[in-house]
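Working notes for the structure below.
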There are 2 protein chains.
Amino acid sequence: MDRKSVADLESDGPGTGTLGKAMAVLEAVAMADRPQRFTDILQSVRQPRGTLHRLLGHLVDEGLLVQRGDLSYEPGLRLLKLAYRSWSGNQFRDIAEPHLLRLHELTGETVHLGILRETEIIYVDKVESRQTVRMSSQIGKASPAYCTGIGKAALSSLPQGELERIAAKTQFVPFTERTHRSSPSLLAEIEEIRREGHAFDREEHEAEICCVAAPIVVPEHELVAGISVTGPSYRVTMTQLAAWAADVRRAAGKIEEEVRIRLGPGRGGR
Amino acid sequence: MDRKSVADLESDGPGTGTLGKAMAVLEAVAMADRPQRFTDILQSVRQPRGTLHRLLGHLVDEGLLVQRGDLSYEPGLRLLKLAYRSWSGNQFRDIAEPHLLRLHELTGETVHLGILRETEIIYVDKVESRQTVRMSSQIGKASPAYCTGIGKAALSSLPQGELERIAAKTQFVPFTERTHRSSPSLLAEIEEIRREGHAFDREEHEAEICCVAAPIVVPEHELVAGISVTGPSYRVTMTQLAAWAADVRRAAGKIEEEVRIRLGPGRGGR
DNA sequence: GGATTTGTTCCAATATGTGGAACGGTGTTT
DNA sequence: AAACACCGTTCCACATATTGGAACAAATCC
């Protein structure tokens, strides 16, 4: 049987093979808000006790998890180390950064760069207002695509088939009263976003937070991403956001272009 | 056969079992400076072609690697996502942070927080001088313990046996002319560091960069870490560093104490 | 003291991963 | 143009690592 078969399970299913199971366990621990005990994990990942126990042992051996004094498990440092390389070596982020800075100077608000990964947007960079801000507060953070500006912008630039596949896979959680509650409602907005070339988040993910976003697509690298300007709604009106839309689109376009030039068509990084 | 058997290989050996091999491959790709092709990887990880090929396939399926148009592999976004949780959920960093900030205000120089992991120090936080600084420029970065301030400070607070095991495992790379070149020389300095309670890095890792560091130990959590104040040697003299040593020790002590209180003896996070 | 829950260990059955060898494609050399 | 070298992929008999039910302690609750 081939891997990418019928409706690739990826993040929902138990994961293919041994590695898949191990990763499912790892993710269960990483995504939990507090250290997970054996039994907690046993319930998230449905695996026989013996199996789970060995799996955890291996993960600890590998430094992906650490077991604490009270026997509970936490994500290990090896993940940080690996991610550092994954992030600092990311040429896309590197290219985009100057454009993010420029956009920040223009607007004075927080600017995000995020990449689409199935139903999620993963933030890879952020430039924020010069308060005493936590450094990489969001880098690596994953948010649902269907209720964020970048997410919707990115989705809007997918082929219809892909879009529908992802929409079908999406779990619609009503974060605020304005959050899309179903696939049709999302797909309708996507139509509009396609026409406009930019997406808004009207307090759909977090109350009092809204943004404008534009998509960045580099088919040669199978990259679908987006940038956004975000602000608190008491300070940033929708009219203001609409006025910035063109700038955001322009910046996104510049990044797209530069990625194509610097990374070349379809081939390697340098 | 038991896992933690004779001289646990961990990061050198091919890694135990299937997961170990997969991680070895992942690490090989992540630690390389540029996208790795099949053959490149084949040389780093000594595995049969068939095996490696399947391994890579699984890693891609899991989103740990991505394969690009030219068939080369890069670290995938899933790592970032996992690491974000590993980092943002790290209570230790959370507790330490205010102390780092205070130390930064006192000295005006860059302050680091790093955790010891076998022969390496992994940086988990950083507060730096208010230039237009790259955000999380070093978070997750791994540096050798034997030639960094935090590293040596951390090593100094290990039981002698552990220390020697790690020293034996260390690869002594002569980064600068002042870098320790062998285990005895390192062990001798560690003795001194134990007496003083703080460690210096006298341009041992990077030329023109030096620091003072103090260890943080929380045995209940099997945590050995350290903090440091770092500066360029043209601006920060050894005398200056020595003057800060007491402050660094004090901050480290405070963090140690607070971790013990907030995380409780040997048991869970909250 | 007995009952329940939790983490750990054991082991035969078997699914999974192993790795040498063969295959087809691309680009280079003669 | 044929011969060669290199690279990524596929195949398959074999071996090993994973599986998962069940038994085992140890703590915790009633």
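Reckoned from all heavy atoms, side chains included, excluding hydrogens, waters and symmetry mates. So that the names make sense, note that chain A is the first sequence line, chain B the second, and so on, each numbered from 1.
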Look at all strands and tell whether T51(B) reaches a base, only sugar-phosphate, or nothing, counting heavy atoms closer than 4.0 Å. base
Rounded to whole Å, NE2 of H58(B) lies from P of dT18(D) at a distance of 13 Å
I'd like to know if E162(A) pairs up with R165(A) as an ion pair, taking the criterion as any Lys NZ or Arg NE/NH1/NH2 lying under 4.0 Å from an Asp or Glu carboxylate oxygen. yes
Using the side-chain heavy atoms of Q47(B), tell me which of these nucleotides is nearest: dG19(C), dG8(D), dT19(D). dG19(C)
Between the CD1 atom in I227(A) and the NZ atom in K254(A), the distance rounded to the nearest 0.5 Å is 10.5 Å
F38(B) side chain: which of dT8(C), dT18(C), dT9(D) is closest? dT9(D)
Return the value, rounded to whole Å, for the distance between atom CG of D40(B) and atom C1' of dG8(D). 13 Å
Looking only at the side chain of T18(A) (C-beta and beyond, no hydrogens), which of the listed nucleotides dG20(D), dT8(C), dG17(C) gets closest? dG17(C)
Establish, with yes or no, whether the OP1 or OP2 oxygen of dT18(C) is under 4.0 angstrom from a side-chain nitrogen or oxygen of K21(B). yes
Whole-Å gap separating P (dT19(D)) and CG (L19(B)): 11 Å
Using whole Å, report how far CG of L42(A) lies from P of dG7(C). 9 Å
Give a yes or no on this: more than 12 heavy atoms of other residues, nucleotides or ligands lie within 6.0 Å of atom CD of Q160(B). yes
Does a side chain donor of either Y73(B) or Q36(B) reach within less than 3.5 Å of an acceptor in the other side chain? no
Taking CG from L56(A) and C1' from dT6(C), how many angstroms apart are they, rounded to a whole number? 14 Å
Whole-Å distance separating the CG atom of L71(B) from the C1' atom of dG25(C): 12 Å
Between the base of dG19(C) and the side chain of R49(B), is there any donor-acceptor pair under 3.5 Å? no
Can a donor-acceptor pair be found, under 3.5 Å and without considering hydrogens, that links the side chain of E256(A) to the backbone of V217(A)? yes
Identify which nucleotide among dT18(D), dT9(C), dG19(C) has an atom closest to any side-chain atom of R54(A), counting heavy atoms from C-beta outward. dT18(D)
Can you tell me how far P of dT26(C) sits from CG of D70(B), to the nearest Å? 16 Å
Between dG17(C) atom P and D61(B) atom CG, what is the distance in whole Å? 11 Å
Taking OP1 and OP2 of dT5(C), is either one under 4.0 Å from a side-chain nitrogen or oxygen of T39(A)? no
Given dT8(C), dT18(C), dT9(D), identify the nucleotide with an atom nearest to the side chain of H53(B). dT9(D)
Among dG20(D), dT10(D), dT6(C), which nucleotide has an atom closest to any side-chain atom of P48(A)? dG20(D)
